[in-house]
Amino acid sequence: MVKEKFYVTTPIYYPNDIPHIGHAYTTVIADVVARWNKLLGKDVYFLTGTDDHGKKIADTAEAAGKSPMEFVDDLIPKFKDAWSKMGIEYDRFIRTTDKDHEKNVQSMLQKSYDNGDIYLGEYEGLYCIGCEQYYTEKDLEDGCCPIHKKPVEKVKEETYFFRLSKYQDKLLELYEKNLEFISPPRRRQEIINRVKEGLRDLSISRTSFDWGVKLPFDKKHVCYVWFDALFNYVSGVDDKSRWPADIHLIGKDIIWFHTVYWPAFLMSVGEELPKKVFAHGWWTFDNEKISKSVGKVINIDELVAITGNKDSARYFLCRATPFGDDGDFSESALVDRHNGELLNKLGNLVSRTTGLIEKYGVEKCESGLVVNFDSINSLMQNLEIDKALNEIFAFIDLCNEYIQEKKPWATQDKKVLYELADAIKNIAILLYPFIPSTSEKIADKFGGFKFTKEGLNLPFDVNIEIKKGEGLFVRIEQEEPEAISQKSGIKKKDKKVNKEKKAEGVMTLGEVTFEDFAKLDLRVAEIKEVEEIEDADKLYKISLDVGENIGARTVCAGIKKYYSKEDLIGRKIVYFANLKPRKMKGVVSEGMLFAASTEDDSQVSLINPGEIANGSQVS
RNA sequence: AGCGAGGUGGAGCAGUCUGGAGUGCUCGUCGGACUCAUAAUCCGGAGGUCGCGUGGUUCAAAUCCCGCCCUCGCUACCA
């Protein structure tokens with residue numbers, strides 16, 4: 001039987017900087033879509049990559065004292081590494097510098113040229129000699145270059161044009177015939193209106209730099225940007241029969257190029273058109289635009305580090321906002337999803353069920369806990385990814401309600417436990433495209449099962465030993481915004497104490513076992529250096545000497561109000577060495593210092609271990 | 001300026017295209033249940049004139065139309 005093919009792409013990213021949350025978003029969604037279609041049994045192909053060419057890359061490379069190729073070669077591993085850290089499994093990572101792609105672009109250029117769609121003309125633009133760059137009218141400040149503040153010149157350059165104007169009617173016909181070509185649908189009218197306003201022919205070559213694909217019919221020229229970049233989608237397949245793509249996933253900023261230039265290019269060379277171009281929205285960061293200049297870019301390492309779990313990041317990106325709309329990213333929103341949904345709902349369901357099964361076992365029966373696959377699948381087909389997850393989590397809620405109602409811990413009803421085990425198996429299968437490594441962890445606990453649509457209906461194997469094992473997610477304690485110091489932990493406890501006090505009338509922190517206490521690695525350390533942190537009115541950045549074994553460590557401590565730098569340097573303190581590292585005001589804090597404080601924080605005093613050697617244990 | 005998106009209980013969002021009792025979700029809050037589970041889970045309550053015009057259409061408007069106010073993003077290669 002021939003499997004149905006499915007081909008999904010991300011844009012090829014511009015490797016002039018390391019990848020960030022925006023890149024990750026498109027790529028994660030593409031991965032989710034690819035995995036979902038694999039689940040359905042399709043023969044899936046998933047392409048991502050980088051756009052290595054262009055003047056900007058050439059310039060940036062020169063500034064860095066590298067050749068463009070060296071410069072790009074150095075950045076590519078950062079992209080591949082980021083995708084591996086996000087659990088992304090693409091079939092090919094294409095680069096526009098790949099030989100097969102360059103050859104393909106040249107052959108496409110030739111075809112288009114032979115068809116009379118490419119002609120030599122003159123590009124006239126406003127040029128700044130200092131920048132060696134063209135500007136548009138609106139870039140200018142009082143007719144001057146915004147960087148050099150000098151007047152720009154009108155310059156003419158020989159360049160090849162693509163006859164985009166010729167395709168206006170055909171494009172409008174395409175939008176009319178294929179309603180899904182521009183998705184989500186609300187973006188359609190925008191494009192249609194702009195196309196109706198008329199299309200200008202497009203300059204597709206340059207002679208002013210040479211970092212690009214040479215035009216086969218005129219070697220003085222290199223291909224400029226879009227013609228080169230867009231054809232990666234055709235170059236990148238392992239087998240020509242995969243084209244056309246089922247879906248191009250893109251950000252909303254490049255929808256014009258993908259829904260106007262791209263189909264026009266393809267019509268010109270006689271290739272089939274992609275079935276759908278889907279433009280998603282953008283992320284803001286704490287409600288501000290993500291921008292490098294403001295330091296708001298969140299890179300992949302930071303994204304994963306917040307919860308220490310790539311699946312939580314993937315889940316957040318899929319779940320937090322309707323796909324297609326803009327969304328806001330914040331650390332606390334991510335942690336809320338992680339703790340509240342993944343851990344409390346899913347993790348806890350698995351935890352309590354496996355625990356009960358370990359004690360009482362299961363007995364096969366017809367399960368009453370049935371999930372509606374068709375409804376979830378149809379949401380996925382429309383790329384309503386957040387809603388699909390919503391449905392899956394509604395089923396998880398149903399399972400938690402079911403346990404509550406059936407009380408298997410009291411009844412020891414093995415049939416109920418079987419139903420729950422079967423439900424969890426199905427949940428793990430359905431969640432596999434979104435949070436693959438978590439689903440694998442669940443499968444491990446249940447003796448392993450395959451992640452396929454068919455697996456949903458396969459009865460659960462009762463002979464397998466089911467283990468409770470470790471929890472699926474680790475709880476992330478969020479710090480109070482006003483207490484970014486190391487004292488926040490204490491403050492939080494105080495809060496809880498007050499609550500318990502109210503409930504029981506007893507002041508207590510609760511009991512911990514010695515084993516729990518022994519998990520803390522407490523050491524004597526000496527303060528070597530103290531630095532101020534920009535924008536932080538409570539924090540010091542403190543460098544510690546923690547003896548030979550541990551060495552130097554950096555911590556952030558909110559004690560600026562209580563100690564001067566001179567007070568601190570040379571002082572011995574008690575250091576909590578294996579506290580999970582955490583970023584504060586952009587500085588990674590590896591642990592905390594111990595201090596006693598009054599309830600209103602009016603007095604704070606660092607604990608003094610006396611003259612014991614650095615690195616000594618405290619217990 | 002132009003284009004686009006949004007304004008829904010204390011917070012964040014669905015719901016608006018295809019009008020039908022303010023319906024839903026997450027967090028917070030209050031009360032209860034449970035004690036299998038990572039202080040997790042479950043049930044219930046309080047809390048909103050769905051930005052404004054007490055505008056229009058309609059038997060019926062969060063939803064459609066008009067006007068206004070406010071917030072945010074984009075304007076060409078940063079998703």
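Numbers restart at 1 for each chain; the letters A, B, ... are given by sequence-line order, proteins then strands.
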**Nucleic acid contacts - residues 343-359 of chain A versus RNA chain B, non-hydrogen atoms under 4.0 Å** =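 Result for residues 343-359 of chain A: A/L343, A/N344, A/K345, A/N348, A/S351, A/R352, A/L356, A/K359, sorted by number.
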Options [options], nucleotide nearest the side-chain atoms of [X]:
X	options	result
A/W283	B/A14, B/C36, B/A79	B/A79
A/R475	B/U38, B/C42, B/C77	B/U38
A/W409	B/U38, B/C36, B/U26	B/C36
A/F257	B/A76, B/C43, B/C36	B/A76
A/Q404	B/G15, B/A76, B/C42	B/C42
A/D253	B/C77, B/A79, B/C42	B/A79
A/I403	B/A40, B/C36, B/A79	B/C36

**Message:** Do A/K80 and A/F93 form a cation-pi contact, if we require the NZ or CZ to be under 6.0 Å from the six-membered ring centre and within 45 degrees of the ring's axis?
**Reply:**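 Pair A/K80/A/F93 counts as cation-pi.
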**Residue-phosphate contact under 4.0 Å: A/H23 side-chain N/O, B/A79 OP1/OP2** =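 True: A/H23 side-chain N/O within range (under 4.0 Å) of B/A79 OP1/OP2.
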**Prompt:** Quick one: is A/K468 getting a side-chain N or O under 4.0 Å of the B/U38 phosphate, OP1 or OP2?
**Reply:**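 Yes, because at least one side-chain N or O of A/K468 sits under 4.0 Å from OP1 or OP2 of B/U38.
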Protein-nucleotide distance ([X], atom [atom1]; [N], atom [atom2]), rounded to Å:
X	N	atom1	atom2	answer
A/F329	B/A79	CZ	C1'	15 Å
A/N390	B/A14	CG	P	11 Å
A/D328	B/A79	CG	P	19 Å
A/D326	B/G7	CG	C1'	15 Å
A/I254	B/G4	CD1	P	20 Å
A/L389	B/C13	CG	P	18 Å
A/I12	B/A79	CD1	P	11 Å
A/K252	B/A5	NZ	P	9 Å

**Prompt:** Should we count CD of A/E440 as having more than 12 external heavy atoms under 6.0 Å?
**Reply:**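 Atom CD in A/E440 is crowded, with more than 12 foreign heavy atoms closer than 6.0 Å.
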I want to check something: taking the side chain as every heavy atom from C-beta on, are [X] and [Y] in contact at a cut-off of under 4.5 Å?
X	Y	answer
A/I76	A/R95	yes
A/M86	A/L317	yes
A/D422	A/L369	no

[atom1]-based separation of [M] from [N] [nearest Å]:
N	M	atom1	value
B/G28	B/A11	P	15 Å
B/G47	B/C42	P	24 Å
B/G44	B/C34	P	16 Å
B/U71	B/A39	C1'	39 Å
B/C17	B/A61	C1'	15 Å
B/C27	B/C43	P	12 Å
B/G53	B/C65	C1'	14 Å
B/C13	B/A62	C1'	15 Å

**Dot-bracket summary - RNA chain B, pairs being Watson-Crick or G-U whose distances fall under 3.5 Å, with | when paired to another strand** = ((((((((.[[[[[)....(..]]]]].(((((.......))))).....[[[.[[..)....]]]]])))))))....
Output field: ring centroids [X]/[Y] closer than 6.0 Å:
X	Y	answer
A/H20	A/Y13	no
A/Y315	A/H338	no
A/F323	A/F278	yes

Applying a 4.0 Å non-hydrogen cut-off, can you work out what [X] is touching in the nucleic acid: base, sugar-phosphate, or nothing?
X	value
A/Y402	nothing
A/Y14	sugar-phosphate
A/P322	sugar-phosphate

Quick one: sort the [X] and [Y] rings into parallel, tilted or perpendicular, breaks at 30° and 60°.
X	Y	result
A/F257	A/W226	parallel
A/Y25	A/W283	perpendicular
A/W262	A/F265	perpendicular
A/F231	A/F227	tilted

**Asked** More 5' along RNA chain B: A/T321 or A/G471, using each one's nearest nucleotide?
**Response**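 The residue mapped nearer the 5' terminus is A/T321.
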